[in-house]
Amino acid sequence: MSIHTTPRRRRGVIIGAGFGGLSAAKQLAQAPFDVTVIDRHNYHLFQPLLYQVATAALSPGDIASPIRGILHRQKNANVILTNVSGVDTARSEVVAEGRRIPYDYLVIATGAEHAYFGHDWSPYAPGLKTIDDATYLRRRILLAFERAETEPDADERRRLLNFVVVGGGPTGVEMAGAIAELAKRALAADFRLIDPRCARVVLIEAGPRLLAPFDPSLSEAARRSLEQLGVEVRLGIGVTDCDCSGVSLGRERLQTRTIVWAAGVKASPAAEWLNAERDRAGRVKVQGDLSVPGHPNIFVIGDAAAATGPDCQPLPGVAPVAKQQGCYVANLLVARAQGKTLPAFHYRDLGSMATIGRKRAVAQLGTFKVSGFPAWLLWSLAHIYFLIGFRNRLTVAMNWGWNYLTFQRGTRLITGISGSRIEDVLPAVMTAPSAAAEVGDAVSGRASPSHLEWGSVVKRAGNRREMAHSDNVHRETPALRDTAAAISTPRSP
């Protein structure tokens, strides 16, 4: 009597459902693998359009799709919503919130996060990587206009209507152009006491030109387009300090309540999980087949990997690189299962694009370079095509068409706060009430409006950030320190 047992299918675990991870998972649809996709969010995000959510052009649902919905027809795929904290390479297990997920092959596609070059500026200069980032920035931008409408102090009103974007890459250029269009067109007729068209948008780039990976002629075209929109472009100067009232450029000070950080990124902690060699940005140094040295069954792709091209230069951290790497690793695993091998990964550059507001863009496709309206049409068609799902493509196309014809943006919603409480945008200079009045309120158990506003702590659940405004207030307004001391000092009987 003989007993036949079915051989166990290989287990492939993918950490991260971004462009790279999702491409790998879909490419393994017909492969003899059990695929497990792990992500801390339940959705796949189309990051290239995230700035349009931050500037009220699109809703979050227009550029995000549930991971389970994307993979629901793929029978060999399973999705786990959890936060990964490490990888046990000795036992071939992923550690995530107390549970262990075994793997035969592991693909790490965890992307990147904001880099502030050793400074703790994240509470004052939020970046743009997640939906939470985008909705938070949208709230900050729209609140600045709302606050300016009722602000009696002229200096504070100017500070509220100043917007600073740090970083002259594609994200910074697109964000600066979108804020300028929002202020000068979409919001132009919405307010009575202020003129949103007077808003000042400043784009700061430490390098000598914008869009460094592009041809210099396109960089110059992007600069001219931004200036035509009213954006003030500052090149060759870096930020030396940031706080809740502005940014410092050496000895120069720009007063603002809204700072957007687009100056740099660093890799996720994948290198720490694997105890692997990394580059200056924290990316894992991978081999030609994108595997980790010493671990042929572990692959790192996308922004978390320090992969190089034929010219030995690092590959750019863009979506096409991650997607091609995801497909390559999936094909490599299938080839290995069949006893075959594949040559080293080779990136096929499909070109680069960046948009600068309405009807303006730059595109570089190999030796072909174009700017202006033709580039904008090309950019629009490419982004609609690469969106996931027919519904998202249709919705984005309709929204863009409406925005183009009417100059309006339909998602100008301030969410995440209670009613009219404007606690995200606080003045830096405020006339302190008399100590006697404050002491009287404290003794009677009443909290004055200034205490409620100044003592608030803004919490960003998406990024676990906190901004303690009281520290900045005490530093800028000594009168409030005296008030606080008077309240905390016991009265003599």
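Numbering of residues begins at 1 and proceeds along the displayed sequence.
At a threshold of 4.0 Å, the pair E205-R223 does not count as salt-bridged, since none of the basic side-chain nitrogens sits closer than that to a carboxylate oxygen. Taking a cutoff of 4.0 Å between a charged side-chain nitrogen and a carboxylate oxygen, K129 and D133 do not qualify as a salt bridge. Taking the charged nitrogens against the carboxylate oxygens, E151 and R157 have no contact shorter than 4.0 Å, which rules out a salt bridge.
A donor-acceptor pair is defined here as one N or O able to donate and one able to accept, closer than 3.5 Å; no such pair exists between the side chain of N162 and the backbone of L254. Q324 places a side-chain N or O within 3.5 Å of a backbone atom of R348 that can act as its donor or acceptor partner. Checked by atom type and distance alone, the side chain of Y116 pairs as donor or acceptor with a backbone atom of A125 at under 3.5 Å. Panel note: side chain S219, backbone L211; a donor-acceptor pair is recorded below 3.5 Å. Judged by distance alone, with hydrogens and angles left aside, the side-chain atoms of D243 form a donor-acceptor pair with the main-chain N or O of G246 at under 3.5 Å. In terms of modelled atom types and a separation under 3.5 Å, the side chain of H44 and the main chain of A17 share a donor-acceptor contact.
By the 6.0 Å contact criterion, CD on E252 is enclosed, its count of non-hydrogen atoms from other residues, nucleotides or ligands being greater than 12. Within 6.0 Å of atom CZ in R234, more than 12 heavy atoms from other residues, nucleotides or ligands are found, so the atom counts as buried in its surroundings. The number of heavy-atom neighbours closer than 6.0 Å to OH of Y385, taken from other residues, nucleotides and ligands shown, is 12 or below.
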Let me see the working for W376 and R360 under side-chain contact (heavy atoms from CB on, under 4.5 Å), right down to the final yes or no. CA-CA 5 Å; W376 181 79; R360 297 176 174 90; 5.9 Å; no

For a side-chain contact (heavy atoms from CB on, under 4.5 Å) check, start with the C-alpha distance between V329 and I301, then their side-chain angles and the critical distance, and finish with the verdict. CA-CA 9 Å; V329 169; I301 62 176; 3.8 Å; yes

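Aromatic rings of F145 and F163 (six-membered ring for Trp) have centroids within the 6.0 Å cut-off, being under it.
For the side chain to side chain donor-acceptor pair (under 3.5 Å) criterion with S245, the lone passing option out of R159, R253, R257 is R253. Shown are V231, L229, I141, V164; of these, the side chain to side chain contact (heavy atoms under 4.5 Å, CB included) with I179 is made only by I141.
The distance from atom CG of L22 to atom CG of L71, rounded to the nearest 0.5 Å, is 5.5 Å. Rounded to the nearest 0.5 Å, atoms CG (L378) and OG1 (T355) are 11.0 Å apart.
Checking D215 against S217 by side-chain atom types alone, a donor-acceptor pair falls below 3.5 Å.
Ring-plane geometry between H119 and W121 is classed as parallel, the angle between the planes falling under 30 degrees on a 0 to 90 degree scale with a further cut at 60.
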